[in-house]
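One structure is given below, encoded as structure tokens.
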Amino acid sequence: MGRGDLSDGEWDRLEPHLPKNVGRGGRWKSHRMVINGILFRQRTGIPWRDLPSRFGKWKTCHDRHRRWSADGTWEKVLRAVQADADAEGRIDWSVVSVDSTVCRVHQHAAGARHWPARIPGRRRPPAWHREDEAIGRSRGGLTTKIHLASDGGCRPLAVLITPGQWGDAPQLIPVLDRIRVPRLAGGHPRKRPDHVCGDKAYSSRRNRRYLRRRQIRHTIPERRDQQAHRRGRGSAGGRPTGFNRDRYTRRNEVERAVNALKGFRAVATRFDKRAYVFQGTVTAAAIRLWLRS
């Protein structure tokens, strides 16, 4: 077993959730070797063509990662791994923190073709295709922003990518809506945390109204301009928002989850041209973090 490869225990937790071989001859071969090759590329950030020969053909690893990113297989595996962790009581739902991070886009990731992407062998578009390819222009150049929600154990519950110049507040609801942890005993998947923490970038009346409607307690500091606007409206401005400073200190958990994700060089710097492929790259990195615990 090479450095960074899946251990036997991690493989035992991952293997039941991977696609099975059906039909004559089988379709998927050497799942473990190919996934180790995908993880090696994510950890080192090398071009696909430079994968060591011990992982087999580089194109096999590339095509499988691209296909699983397009048809949502990585997302299904992530939810299955989270379901196992929830059944074992390893998900801390007491505080779920939300934050974002900006990733620099490598020059090789720009210039994707303008016609719509298609799943290999199928006519429908990928699950997470974006027309703008989630690449935006900031002062530092081309960037992509990763929005994520993490549990108390500093592991991603949901991830979402947008162009780098997009704001944080409008993405709070889409990120929380992506939390969906199935229950092995049956029933509806769990979507609602006990408490949500976020910095003042997520402070808006729309977000607070959404959290109150779902009966989710939250700790989000109010910006000074919003405080002045509320006071200027008098009694019509409503009561001041509650703020628990001790609870807010747990927001560092999502920052530690961001640091863990950016430990993968293919996540810290985006090399994928297509948005759905980079979404799969971030999701596969999140799966690796869940398997480590």
Side-chain angles (χ1 to χ4, degrees), residues 1-21 26-82 84-85 101 103-110 112 120 126 128 134 144 146 148 154-156 159 161 256-293:
M1 185 178 69
R3 175 173 175 265
D5 290 351
L6 294 171
S7 64
D8 293 338
E10 293 170 344
W11 175 248
D12 292 339
R13 293 197 295 269
L14 178 63
E15 184 181 16
H17 310 304
L18 298 177
K20 302 297 188 298
N21 282 325
R27 180 184 182 187
W28 310 110
K29 296 181 180 180
S30 305
H31 267 326
R32 186 170 186 176
M33 181 180 66
V34 173
I35 292 177
N36 283 332
I38 295 173
L39 295 177
F40 181 87
R41 181 261 178 179
Q42 289 185 341
R43 183 170 57 85
T44 59
I46 63 174
W48 286 103
R49 294 176 181 270
D50 296 336
L51 273 178
S53 58
R54 67 185 180 93
F55 300 116
K57 297 181 179 180
W58 68 268
K59 189 167 180 56
T60 301
C61 298
H62 170 266
D63 290 349
R64 194 166 304 183
H65 174 62
R66 184 168 62 97
R67 184 183 295 271
W68 286 3
S69 301
D71 61 13
T73 299
W74 283 128
E75 189 73 23
K76 296 176 184 177
V77 173
L78 175 62
R79 291 177 178 175
V81 172
Q82 291 174 345
D84 292 342
T101 181
C103 302
R104 183 66 182 269
V105 176
H106 195 269
Q107 59 182 354
H108 294 166
W128 312 117
T144 293
I146 302 176
L148 74 155
C154 308
R155 293 160 301 186
V159 294
I161 63 171
R256 289 153 62 188
V258 168
N259 291 337
L261 275 180
K262 284 198 168 182
F264 298 87
R265 296 190 177 186
V267 175
T269 302
R270 174 178 170 176
F271 300 101
D272 303 312
K273 287 182 180 292
R274 293 293 189 179
Y276 73 89
V277 178
F278 185 63
Q279 177 81 28
T281 299
V282 179
T283 305
I287 294 173
R288 188 70 174 90
L289 297 179
W290 281 99
L291 293 177
R292 284 179 181 175
S293 54

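Model, not experiment: these values are computed from the prediction.
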Sub-4.5 Å side-chain heavy-atom contact between [X] and [Y]:
X      : Y      : value
Val159 : Gln279 : yes
Val282 : Leu148 : no
Thr281 : Arg41  : yes
Leu261 : Thr101 : no
His62  : His65  : no
Trp74  : Ile38  : yes
Trp290 : Leu14  : no

To the nearest 0.5 Å, what is the distance between [atom1] on [X] and [atom2] on [Y]?
X      : Y      : atom1 : atom2 : result
Arg66  : Tyr276 : CZ    : OH    : 5.0 Å
Asp272 : Trp48  : CG    : CH2   : 7.5 Å
Leu39  : Thr44  : CG    : OG1   : 10.5 Å
Gln42  : Ile287 : CD    : CD1   : 9.0 Å
Leu51  : Arg49  : CG    : CZ    : 11.5 Å

Quiz item: Who pairs with Lys262 by salt bridge (charged side-chain N to carboxylate O under 4.0 Å, His left out), at least two apart in sequence or on another chain?
Solution: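 Salt bridge (charged side-chain N to carboxylate O under 4.0 Å, His left out) list for Lys262, sorted by chain: empty.
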
Under 3.5 Å, is there a donor-acceptor pair between the side chain of [X] and the main chain of [Y]?
X      : Y      : result
Lys273 : Ala110 : yes
Arg32  : Leu6   : yes
Glu75  : Gly72  : no
Arg155 : Gln82  : no

- Message: Suppose we screen for ring-ring contact (aromatic ring centres under 6.0 Å, His included). Which residues come up paired with His106, at least two apart in sequence or across chains?
- Response: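 His106 satisfies ring-ring contact (aromatic ring centres under 6.0 Å, His included) with His108, Phe271 once adjacent residues are dropped.
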
side-chain contact (heavy atoms from CB on, under 4.5 Å) between Phe40 and Ile46: does it pass, once the steps are laid out? CA-CA 9 Å; Phe40 181 87; Ile46 63 174; 3.5 Å; yes

Do you know which two heavy atoms are closest between [X] and [Y], and how far apart they sit?
X      : Y      : value
Cys103 : Ala268 : CB-O, 3.6 Å
Arg43  : Arg265 : O-CG, 3.4 Å
Ala134 : Thr144 : O-OG1, 2.6 Å
Arg13  : Arg292 : NH2-N, 4.4 Å

Notebook entry, point to check: Applying the side chain to side chain donor-acceptor pair (under 3.5 Å) test to His31, which of Arg64, Lys20, Glu15 qualifies?
Noted result: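 Answer to the side chain to side chain donor-acceptor pair (under 3.5 Å) test with His31 among Arg64, Lys20, Glu15: Arg64.
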
Discussion item. Walk me through whether His17 and Arg79 qualify under side-chain contact (heavy atoms from CB on, under 4.5 Å).
Written reply: CA-CA 10 Å; His17 310 304; Arg79 291 177 178 175; over 6 Å; no

*asked:* Test of understanding: with side chain to side chain contact (heavy atoms under 4.5 Å, CB included), list the residues that count as partners of Thr73, not counting sequence neighbours.
replied: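 Result, side chain to side chain contact (heavy atoms under 4.5 Å, CB included) vs Thr73: Pro19, Trp68, Asp71, Val77.
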
- Residue pair Asn36, Trp11: steps toward the side-chain contact (heavy atoms from CB on, under 4.5 Å) verdict: CA-CA 10 Å; Asn36 283 332; Trp11 175 248; over 6 Å; no

